[in-house]
Amino acid sequence: PYLKFVGKFSFDTYDWKGSEFYNLGARSDNDGGMKNWNSRYTSTEILGFAAFDHKWGKFSVNAMAGGSVYDRDTEKHTQEIASILFAGFQNISNSSEYPTATQALSQKRINSVFGSASFGWDNWLFMDITARNDWSSTLPADNRSYFYPSVSASLVLDRLFKFSENLPWFTFLKLRGSWANVGKDTDPYAISYNYTSTSFPGSYRPAATMPDEALSPENVETWEVGIEAKFLENRIGFDVALYQSDITDQIYDVPYDYMT
C-alpha cells in the first residue's frame, strides 16, 4: 500500500538500590561513614505517524508525518551518616548523629510533531527534508517551543554519466551537501530557584547554580559539503568533507556564591 498508519507505545523503568560504607580509619574518611540510596526511573512514549511511499516512473517519494508525547519521571531517596560508632557494623543507625535524608523528584514532558520527505530521481539525484517542533516542560512557557529543520541533497555522478560503460575503473562518485538545525532543552527545574539540604538538621541553602527564568532553547546549526569516490571495484577510495557548526543560546551551568 502507498499509505500506512503506525502507532507505538513504549514503557521503560528500572530501580537502582545501592550502599557505600567507609569503616573507621578509612583512608578517604577516618571517621567512617555510610550512604544508602534508592533510585527509580520511568519513561513512557506514545507515538503515531502516517507514512507514504510511491514511485512514478523515475520519480520516487517517501514521506511521513506524526507526533509523540514523551514523559520521564525520576525519584531518588538517600540516607547518609558522616561518622560511625562501631567498626564493621554496616547499618545506617551506627552513628551518634541523625542520618541525613534526602528525596529528589523530577518530571519532564516533551510534546512533538515531526515530518520528513525523501525525493529521488532516476536513482542518481536525491533530496531529504525533515522538520520537527518540540514543546518542552523544562523551558519557560514563552520559550518552550522550538523548531528545527534540515535539508540534504546528493548527486551520484557515476550513474548520471554511466561510468560503468565509459569509465569502468571509476566505480563510484557522489557529491553531497546538507544543512541542519538541532534544538535542545534543559534539565527539569533548571529555570527555578532550588534549595539543597545541608549537614545541619532542618537547614537548607540555595543551589550553587544561577537559574535563568527566561532561558531560551539551545540551537546548533550545521552545514556540510563533501565528495566521495571509489575506484577499481571499491578497492581504492576517498571521502572528503567540509563542515561547520555554530551554537546559539548555548545552555550551561553558571555557578555563583549562594552566600550572597
Side-chain angles (χ1 to χ4, degrees), residues 3-16 37-53 62-78 102-118 128-152 178-196 206-224 243 245-255:
L3 182 65
K4 66 178 180 180
F5 298 91
V6 178
K8 296 181 179 180
F9 173 78
S10 62
F11 175 80
D12 182 29
T13 185
Y14 69 83
D15 289 277
W16 180 30
W37 67 86
N38 184 2
S39 300
R40 170 170 291 182
Y41 169 93
T42 303
S43 69
T44 60
E45 183 175 26
I46 302 173
L47 182 146
F49 64 88
F52 177 81
D53 189 4
N62 185 302
M64 61 90 71
S68 66
V69 178
Y70 171 81
D71 286 296
R72 188 188 72 191
D73 297 276
T74 61
E75 183 175 359
K76 185 175 182 179
H77 300 264
T78 64
T102 62
Q103 180 182 15
L105 303 175
S106 171
Q107 293 180 315
K108 177 178 180 178
R109 167 171 284 191
I110 299 178
N111 297 325
S112 306
V113 293
F114 50 82
S116 66
S118 299
D128 297 304
I129 300 173
T130 69
R132 183 182 181 99
N133 200 103
D134 289 345
W135 291 264
S136 174
S137 64
T138 64
L139 295 169
D142 294 337
N143 296 331
R144 65 181 43 164
S145 173
Y146 49 102
F147 175 72
Y148 44 107
S150 73
V151 60
S152 64
S178 65
W179 171 87
N181 262 354
V182 178
K184 179 185 176 184
D185 60 358
T186 186
D187 295 327
Y189 318 119
I191 61 174
S192 303
Y193 284 91
N194 300 312
Y195 293 87
T196 303
T209 302
M210 174 70 74
D212 184 355
E213 297 177 331
L215 187 69
S216 297
E218 182 176 297
N219 181 267
V220 181
E221 182 180 16
T222 304
W223 61 263
E224 178 184 352
Y243 71 92
S245 293
D246 297 300
I247 302 176
T248 56
D249 296 321
Q250 185 175 13
I251 298 175
Y252 56 92
D253 292 336
V254 178

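Position 1 is the first residue of the sequence; numbering continues from there.
With sequence neighbours excluded, the residues forming a ring-ring contact (aromatic ring centres under 6.0 Å, His included) with Y14 are Y41, listed by chain and number. For T78, the side-chain hydrogen bond (donor to acceptor under 3.5 Å, both in side chains) test picks out T102, with sequence neighbours left out. For the salt bridge (charged side-chain N to carboxylate O under 4.0 Å, His left out) test, no residue two or more places apart in sequence or in another chain qualifies with D246. With sequence neighbours excluded, the residues that form a side-chain contact (heavy atoms from CB on, under 4.5 Å) with A180 are S150. In this structure, D249 has no salt bridge (charged side-chain N to carboxylate O under 4.0 Å, His left out) partners at least two apart in sequence or on a different chain. For S68, the side-chain contact (heavy atoms from CB on, under 4.5 Å) partners are E45, L47, S112, F114, R132, not counting sequence neighbours. Scanning for side-chain hydrogen bond (donor to acceptor under 3.5 Å, both in side chains) contacts around D15 gives R40, with sequence neighbours left out. Here E224 pairs with R176, S178, A241, Y243 under the side-chain contact (heavy atoms from CB on, under 4.5 Å) rule; sequence neighbours left out. Partners of S192 under the side-chain hydrogen bond (donor to acceptor under 3.5 Å, both in side chains) rule, at least two apart in sequence or in another chain, do not exist in this structure. Listed by chain and number, the residues in a side-chain contact (heavy atoms from CB on, under 4.5 Å) with F52 are Y2, L3, H54, W56, V61 (sequence neighbours excluded).
For the atom pair OH (Y189) and CG (L105), the distance works out to 7.0 Å, reported to the nearest 0.5 Å. Atoms OG1 and CG, from T248 and N181 in turn, are 7.5 Å apart once rounded to the nearest 0.5 Å. Here the CZ atom belonging to R144 is positioned 8.5 Å from the OG1 atom belonging to T138, to the nearest 0.5 angstrom. Within the model, atoms OH of Y70 and OG1 of T44 stand 8.5 Å from one another, a figure rounded to the nearest 0.5 Å. Here CD of E75 is found 10.5 Å from OG of S106. Values are rounded to the nearest 0.5 Å. Expressed to the nearest 0.5 Å, how far NZ of K76 lies from CD of Q103 amounts to 13.0 Å.
Nearest approach of L139 to N143, heavy atoms of both residues: CD1-O, 3.8 Å.
Applying the salt bridge (Lys or Arg N to Asp or Glu O under 4.0 Å) test to residues at least two apart or on different chains, the pairs with a partner in residues 183-196 are K108-D185.
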Sequence neighbours left out, cut at 3.5 Å: what donor-acceptor pairs do the side chains of residues 213-223 make with other protein atoms?
from, atom 1, to, atom 2, distance (Å)
E218, OE1, I251, N, 2.7
E221, OE2, W179, NE1, 2.7
T222, OG1, S245, OG, 2.9

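Put simply, the side chain of V113 reaches to within 4.5 Å of the side chain of W135, judged on heavy atoms.
For F9, the CZ atom is densely surrounded, since the number of other residues' heavy atoms within 6.0 Å is greater than 12.
No hydrogens or angles considered: a donor-acceptor pair under 3.5 Å links the side chains of S145 and N133.
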